[in-house]
Amino acid sequence: MIETYRGVVYPNQLDHMDHMNVQWYTSKFDEGTWHLFSTLGITVTYIRENKRGMAAVEQTTKYKAEVMAGDLLVVKSQVLEVKDKTLRFLHTMYNAESGNEVATSELVAVHLDRAKRKACSFPQDIKDKCTALISD
C-alpha cells in the first residue's frame, strides 16, 4: 500500500450530526485516486499529451468509524487488479493519530480514449507499474 492522501477534517465538512459528511470521504478518496494514478504513470501530462483519461465505473465505500472536526486522516491505496482496459483498486482511510481504519473505498476505473470517447487499452508500461503494485 502507498500513501496517497493526508489531510484534516474541517468544521465545514461536518453534517448536522457533527461528523464528516459522506461527500467529503468521496472527495478525499478522489484526491488519493489521482496520486495513485500518477504513481502508475497516468499523470496529468500523460492525459493531456495522449488524449487519454480515466473514469470510475464502480465504487463501493464502507464507513467503519466516525470522524470529527480536527481529526487527521491518511489514505493508503493499493492496486487489486489490472486488465487490458480497467483497473481495480482499494483506498483505506485511517485516523492518523489512532491508526484506526475509518473507511474503505474500492473502485473500478476504465482507461479512456478522450477523442473517440471509448475505452482503450493501457500502455504496457502502465500495466507493468500496476502489476508491480499488486499485493499478494
Side-chain angles (χ1 to χ4, degrees):
M1 292 181 84
I2 60 170
E3 184 177 313
T4 54
Y5 173 85
R6 186 172 286 267
V8 64
V9 179
Y10 290 101
N12 69 312
Q13 296 173 334
L14 304 182
D15 60 19
H16 62 286
M17 295 178 10
D18 288 329
H19 61 247
M20 188 169 73
N21 187 272
V22 297
Q23 71 178 314
W24 295 103
Y25 286 87
T26 302
S27 176
K28 293 169 191 304
F29 284 135
D30 185 61
E31 289 182 46
T33 295
W34 290 106
H35 283 279
L36 176 63
F37 287 171
S38 183
T39 299
L40 300 172
I42 307 168
T43 63
V44 69
T45 301
Y46 167 81
I47 289 169
R48 289 175 183 157
E49 290 180 356
N50 295 282
K51 295 185 177 44
R52 296 295 186 249
M54 296 293 292
V57 293
E58 185 177 321
Q59 182 172 3
T60 303
T61 302
K62 296 180 181 178
Y63 306 97
K64 303 194 175 190
E66 293 181 321
V67 296
M68 311 297 189
D71 286 350
L72 300 176
L73 302 175
V74 173
V75 173
K76 294 185 180 179
S77 307
Q78 64 187 101
V79 175
L80 300 175
E81 178 181 45
V82 62
K83 294 184 178 177
D84 185 50
K85 300 176 185 178
T86 62
L87 178 63
R88 187 168 61 93
F89 54 98
L90 176 69
H91 295 304
T92 304
M93 183 182 290
Y94 299 92
N95 178 303
E97 182 180 1
S98 69
N100 293 334
E101 186 176 302
V102 298
T104 62
S105 192
E106 184 174 327
L107 294 99
V108 176
V110 64
H111 186 238
L112 298 173
D113 179 320
R114 291 174 37 224
K116 294 180 181 177
R117 308 298 291 172
K118 296 176 60 168
C120 63
S121 300
F122 286 110
Q124 190 60 48
D125 63 319
I126 290 175
K127 288 181 191 175
D128 291 345
K129 288 177 184 175
C130 290
T131 301
L133 286 179
I134 295 174
S135 301
D136 292 328

Sorted by chain and residue number, the side-chain hydrogen bond (donor to acceptor under 3.5 Å, both in side chains) partners of R6 (sequence neighbours excluded) come out as E3

Tell me whether [X] contacts the main-chain N or O of [Y] through its side chain, where contact means a donor paired with an acceptor under 3.5 Å.
X	Y	result
N21	W24	no
H111	S121	yes
E49	Y46	no
T131	K127	yes
T33	F29	yes

Between [X] and [Y], is there shared hydrophobic-cluster membership here, with clusters defined by ILVMFWY side-chain heavy atoms closer than 4.5 Å?
X	Y	result
L107	L73	no
M68	M93	no
M20	V22	yes
L133	M54	yes

Could you tell me which non-hydrogen atom of [X] sits nearest to which non-hydrogen atom of [Y], and how far apart they are?
X	Y	result
K129	T39	CD-O, 4.0 Å
L112	A55	CD1-CB, 3.7 Å
Y5	K28	OH-NZ, 3.1 Å
V82	I134	N-CD1, 4.2 Å
A65	Y25	O-OH, 3.6 Å
V79	F89	CA-CB, 4.2 Å

Exactly one candidate in V9, V102, V8 meets side-chain contact (heavy atoms from CB on, under 4.5 Å) with D71; the answer is V9

Item to check | Donor on one side chain, acceptor on other, H91 and S105, under 3.5 Å | outcome: no

Residues at least two apart in sequence or cross-chain that pass ring pair (Phe, Tyr, Trp, His ring centres under 6.0 Å) with Y94, listed by chain then number, are none

d(E66 CD, N95 CG) to nearest 0.5 Å is 12.5 Å

CE of M17 to NE2 of H19, rounded to nearest 0.5 Å, is 4.0 Å

In this structure, are over 12 heavy atoms from other groups packed under 6.0 Å from R114 atom CZ? yes

Could you go step by step and tell me if Q78 and K76 meet the side chain to side chain contact (heavy atoms under 4.5 Å, CB included) rule?
CA-CA 7 Å; Q78 64 187 101; K76 294 185 180 179; over 6 Å; no

request  = Go through F122 and L87 one step at a time and tell me if the side chain to side chain contact (heavy atoms under 4.5 Å, CB included) criterion holds.
outcome  = CA-CA 9 Å; F122 286 110; L87 178 63; 4.1 Å; yes

K64 meets the salt bridge (Lys or Arg N to Asp or Glu O under 4.0 Å) criterion, sequence neighbours left out, with E101

**Asked** Salt bridge or not for D113 and R52, using N-O below 4.0 Å?
**Response** yes

Beyond-backbone contact of Y63 with T104, side-chain heavy atoms, under 4.5 angstrom: no

* Asked: Tell me, do L72 and E97 make a side-chain contact under 4.5 Å, heavy atoms counted?
  -> no

